[in-house]
Amino acid sequence: MISLFRKIRQKLLTQNRVTRYLAYAVGEILLVVIGILIALQVNNWNEERKNNKIREIFRSSLKKDLQADTSYLKATIQKLQLESEQLAQFKSLINEIGTDKNALIGLINTKIEPFITPFSGFNNNTYRSFANSGRLELISLDLQEDLFKLNSFQVIVERDSEKYLDLYFSNIEAFKLPIPVDIQLLQNGPVTDAIWKATNFETIGVRLNSWGTSKKNYYRIILPYLIQAQERTTQILKKYFSEESQN
């Protein structure tokens, strides 16, 4: 094809037909430009097809993460609410006992619940992976903004959850030192009876109050966080991933 164009050009020059040659030259340039534009358009189509595939993978993976979070948050919230109610009941029983040391010891040995449900974090690997790779521009600006706000809030929840959980564990460790509650190697028996006998009422009260306060604070702060996180996650699912939003 190129050799044919060259022969035509040479023929026009030898015949001294300048006007026709110029017209031919312009046409040849236009053909080259059109060819380039077609190649660019094909390349754009291919690139868009690749981006659409990546976008579909991202949305599918993100939807699974958000759905997993809603299920996990719902279960964790229910557990923490139950534990919070149990702590409130334990507090009521303590107030009923008054200053009876033996009754307080018996209550601690039979009713105290030293364990706590920890929050293990969010399923946000998909979002962070795409954010780090710079591919978030493949989704709408509204979804980008809502995901950014959700992730920023998740960072706060994870940070404070770890903070208050560590505080609680430090208090439960301090609680175990002078008081032989049944969460260490010593079981109820002569040894623990002797330890209880040697522990004064004031020490028991101070340690018990410190433990209960740290546990209550965990529920008081983390529960509203998790409820809000669940609401935000559910809103994003409904807004961007429900059947209605995609129609």
Side-chain angles (χ1 to χ4, degrees), residues 65-98 103-125 127-128 149-188 192 195-196 199 201-237:
D65 284 354
L66 295 172
Q67 289 174 332
D69 272 345
T70 56
S71 298
Y72 172 70
L73 286 169
K74 180 180 179 180
T76 304
I77 288 169
Q78 290 175 345
K79 290 178 182 178
L80 292 179
Q81 287 174 335
L82 178 60
E83 292 174 15
S84 180
E85 293 171 1
Q86 292 172 340
L87 180 63
Q89 294 171 0
F90 183 75
K91 179 181 178 181
S92 297
L93 292 174
I94 291 177
N95 291 332
E96 292 175 4
I97 289 174
L104 180 59
I105 292 172
L107 183 63
I108 293 174
N109 281 327
T110 58
K111 297 295 183 180
I112 194 170
E113 178 53 71
F115 303 105
I116 196 169
T117 297
F119 176 67
S120 60
F122 296 94
N123 295 281
N124 50 20
N125 289 333
Y127 172 79
R128 292 185 177 181
K149 291 179 180 178
L150 177 63
N151 187 254
S152 299
F153 183 69
Q154 289 175 343
V155 171
I156 296 174
V157 175
E158 290 175 340
R159 181 198 63 198
D160 286 358
S161 175
E162 183 178 0
K163 171 185 174 182
Y164 285 97
L165 193 62
D166 288 344
L167 180 62
Y168 174 74
F169 284 140
S170 66
N171 274 286
I172 196 64
E173 287 298 323
F175 181 63
K176 291 190 310 183
L177 290 177
I179 303 175
V181 292
D182 193 14
I183 53 176
Q184 48 190 11
L185 293 178
L186 290 177
Q187 302 297 315
N188 291 333
T192 54
I195 295 175
W196 276 120
T199 306
F201 189 85
E202 181 181 358
T203 298
I204 297 175
V206 170
R207 297 294 187 181
L208 190 62
N209 182 67
S210 179
W211 162 80
T213 300
S214 63
K215 193 172 191 183
K216 181 180 180 180
N217 282 338
Y218 181 80
Y219 299 135
R220 179 178 61 84
I221 294 170
I222 302 305
L223 259 173
Y225 270 162
L226 299 188
I227 292 172
Q228 187 175 353
Q230 184 187 35
E231 292 174 350
R232 293 189 179 195
T233 305
T234 302
Q235 288 173 359
I236 291 178
L237 279 170

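Nothing fancy with the numbering, it's 1 onward along the sequence.
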Pair up each side-chain donor or acceptor in residues 80-94 with any protein partner under 3.5 Å, not counting sequence neighbours, and list the distances.
{"from": "Glu83", "atom 1": "OE1", "to": "Thr117", "atom 2": "N", "distance (Å)": "3.2"}
{"from": "Glu83", "atom 1": "OE1", "to": "Tyr219", "atom 2": "OH", "distance (Å)": "2.6"}
{"from": "Glu83", "atom 1": "OE2", "to": "Thr117", "atom 2": "N", "distance (Å)": "3.3"}
{"from": "Glu83", "atom 1": "OE2", "to": "Thr117", "atom 2": "OG1", "distance (Å)": "2.3"}
{"from": "Ser92", "atom 1": "OG", "to": "Ala88", "atom 2": "O", "distance (Å)": "3.1"}

Under 3.5 Å donor-acceptor pairs involving side-chain atoms of residues 158-166, not counting sequence neighbours:
{"from": "Glu158", "atom 1": "OE2", "to": "Phe122", "atom 2": "N", "distance (Å)": "3.2"}
{"from": "Asp160", "atom 1": "OD2", "to": "Tyr225", "atom 2": "OH", "distance (Å)": "2.9"}

When you look at Ser214 and Phe169, which way does the side chain to side chain contact (heavy atoms under 4.5 Å, CB included) test go after all the steps?
-> CA-CA 9 Å; Ser214 63; Phe169 284 140; over 6 Å; no
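The shortest distance between side-chain heavy atoms of Leu150 and Tyr127 does not fall below 4.5 Å. Between Gln154 and Asp69 there is a side-chain heavy-atom pair separated by less than 4.5 Å. Taking the side chain as every heavy atom from C-beta outward, Leu208 and Leu104 approach each other to under 4.5 Å. Two residues are said to be in side-chain contact when any heavy atoms from C-beta on lie closer than 4.5 Å; Leu107 and Ile112 fail this criterion.
For Asn125 against Asp65, the heavy-atom pair with the smallest separation is N-OD2, 4.1 Å. In this structure, Leu226 and Leu73 approach most closely via the heavy-atom pair CD2-CD2, 4.0 Å. What you find for Leu223 and Ile77 is that their closest heavy atoms are CD2-O, 3.8 Å.
Taking CG of Leu167 as the reference point, atom NZ of Lys215 lies at 14.0 Å (rounded to 0.5 Å). Atom CG of Asn123 and atom OG1 of Thr233 lie 10.0 Å apart (nearest 0.5 Å). For the atom pair Asn151 CG and Arg232 CZ, the distance stands at 11.5 Å (nearest 0.5 Å). To the nearest 0.5 Å, the span separating CG on Leu237 from CG on Leu66 amounts to 4.5 Å. Note: Ile116 CD1 to Ile222 CD1 = 9.0 Å, rounded to the nearest 0.5 Å.
Considering only residues two or more places apart in sequence or on other chains, Val206 meets the side chain to side chain contact (heavy atoms under 4.5 Å, CB included) condition with Glu202. Under the side chain to side chain contact (heavy atoms under 4.5 Å, CB included) criterion, Ser71 pairs with no residue at all, not counting sequence neighbours. Partners of Lys149 by side chain to side chain donor-acceptor pair (under 3.5 Å), not counting sequence neighbours, listed by chain and number: Glu145. In this structure Gln78 satisfies the side chain to side chain contact (heavy atoms under 4.5 Å, CB included) test together with Lys74, sequence neighbours excluded.
For Tyr168 and Phe115, the ring centers sit 6.0 Å or farther from each other.
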